[in-house]
Amino acid sequence: MKRIATLSLAIASTMAAFPASAEEVSGWRIFVADHATGAVQALDLDAPENRWRFDVEGPAKLYPTPSGRGVIAVQSDNDRVDFFKSGIDRHSHGDHADMTITEPEAIEGGLEGPRPFHVVNHDGVTSINFDRGGYAALIEEAALLKGEFDGETFRQAHAHHGFAVPMGDRIVSSVASDEAVEEGELPPRVGLQVFEQDGTAVGELQTCTNLHGEAFSGSYLLAGCDEGAAFVTQTSDGFELGMLPYPTDFPDGKTGTLAGARAMQAFLGDYGDNALVVIDPAEEPHFKRIDFDFRHVDFVLDPAHPQAGYVLTEDGTLHRLDLLDGAVDDSAKVTEPYSMDGHWRDPRPRLAIAGEDIVLTDPREGLLRVVDAESLEETATIDVEGTPYNLIAIGGSGIDH
Ligand code: ZN
Ligand code: ZN
């Protein structure tokens, strides 16, 4: 186990932001991981001089825990996952939200295991798939925040690059092929299936060739496949699984990354390199395709404005999407071009939504760029040491009392 060093650069100014008595608080905290090193930096968007740095073993992909009180730093190449408290504690009760802001801190311990990769949050549980271990760790948020990571484990028949997540009182997991593979290789994914906690299958396999990308929205879990988007939904008498095939008039392509909207039942996914799709799993037409002149670099949904999504294309243009129309409603140039040629993990911008702002990393410039979501105009840049890459934003507003 390696300890995490916490370096608080601006304790004094942070403490001043702590409310003394009941008052409205609001703010967004950005966590950004370095592309090359294990540095994870945190800063307050309104007061970027409030900074903290945590050092983990390797470059991390960051995820919030279900409520945003925790941050998960997945270091796939280092077989390690570290956890932080975000310092943002926000929960609604009745007619208002309570929110407190304290300093972020490392949570003692961490998880080690063979090639942790996809993280899925659902029903207050964080699921981390260990691709070369053949299992997923399922951790309740309350336990995670206390540094208790040895919760339930769901074992898959074959180790693979997939996921397993609780849905109701069952587990939905990707399933890999039974075929023999070369040493060091992982078998291809062939479908989705519902299981008991102990791994006993409940019902048939839903075929989903080369499954990749999974997300929840409303009562649906969706995953991208060669054939279309496979779904799992809970009904009054169990689970319904099925396939939403790509429309026959679509060009060749497939969905391999999905984001699920929180305030309405809709998904935003990729479709090949040059298009995105808005997927409504319940109503026809299930797919609306939006074509772009350039390949997409990253896309996100806007949690507070459920019909909005944003995509950055490799020419450095940020587009705002209207999910209901399935169309782009505004575009603006925000960075220099970032070609999608080259290694898939070359540093390229990543997007996060922080209230009314879009925050993106500009790794070549060593910057965060803050763009107003309404005007798409840049309102600030924030210098970040190293090569800022993956980021998340946690925050909101509420009352501290
Ligand atoms: Zn309250
Ligand atoms: Zn993946």
Side-chain angles (χ1 to χ4, degrees), residues 18-26 33 58-63 67-69 72-79 81 88-102 113-122 126-137 156 158-165 172-177 181 185-192 208-216 221-226 229-230 254-260 267-273 296-300 340 343-346 348 350 389-390 396-401:
F18 288 4
S21 60
E23 61 177 278
E24 284 222 33
V25 291
S26 66
K61 178 129 203 263
L62 304 175
Y63 300 84
S67 76
R69 282 186 292 159
I72 304 160
V74 178
Q75 303 142 66
S76 299
D77 291 343
N78 299 77
D79 293 341
V81 185
I88 308 288
D89 188 344
R90 184 177 182 279
H91 52 271
S92 58
H93 66 179
D95 59 349
H96 67 278
D98 283 7
M99 179 163 155
T100 56
I101 303 177
T102 53
R115 201 151 176 82
F117 225 106
H118 284 214
V119 172
V120 187
N121 287 320
H122 190 60
T126 291
S127 161
I128 304 168
N129 204 77
F130 286 85
D131 289 0
R132 291 187 179 278
Y135 64 92
Q156 295 147 332
H158 306 292
H160 67 283
H161 180 59
F163 74 96
V165 66
V172 178
S173 177
S174 52
V175 175
S177 165
V181 290
E185 301 279 296
L186 293 175
R189 284 88 62 194
V190 295
L192 271 179
C208 175
T209 307
N210 290 320
L211 172 149
H212 195 269
E214 63 285 325
F216 282 93
L221 165 69
L222 231 59
C225 329
D226 287 356
K254 60 171 287 194
T255 295
T257 307
L258 282 165
F267 295 85
L268 181 64
D270 60 342
Y271 186 79
D273 291 333
H296 46 80
V297 177
D298 194 25
F299 63 88
V300 286
M340 289 304 290
H343 196 271
W344 66 275
R345 211 146 62 175
D346 282 348
R348 299 183 185 91
R350 290 289 179 265
Y389 185 41
N390 291 310
S397 62
I399 301 172
D400 183 354
H401 61 168

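Numbering starts at 1 and runs along the sequence shown. Both backbone and side-chain heavy atoms feed into the values below; hydrogens, waters and symmetry mates do not. Whatever order the structure lists ligands and atoms in, that order sets their numbers, starting from 1.
Taking a cut-off of 2.8 Å, the protein N, O or S atoms nearer than that to the Zn ion (ligand 2) are His118 NE2, His161 NE2, His212 NE2.
The name of the N, O or S atom in His401 nearest to the Zn ion (ligand 1) is NE2. For Asp98, the N, O or S atom with the smallest separation from the Zn ion (ligand 1) is OD1.
Remark: Asp77 engages Arg115 in a salt bridge, criterion side-chain N to carboxylate O under 4.0 Å.
For the pair His401 (side chain) and Asp98 (backbone), a donor-acceptor distance under 3.5 Å is absent. In this structure, the side chain of Asp270 engages the main chain of Thr257 through a donor-acceptor pair within 3.5 Å.
Summarising the geometry, atom CD1 belonging to Ile399 is positioned 7.5 Å from atom NE2 belonging to His93; distances are rounded to the nearest 0.5 Å.
Of all non-hydrogen atoms in His122 and Val165, the two that sit nearest each other are CB-CG2, 3.8 Å.
Checked against the 6.0 Å centroid criterion, the rings of His118 and Phe163 do not qualify as a close aromatic pair.
Ring pair His212/His161 is parallel by interplanar angle, where below 30° counts as parallel and above 60° as perpendicular.
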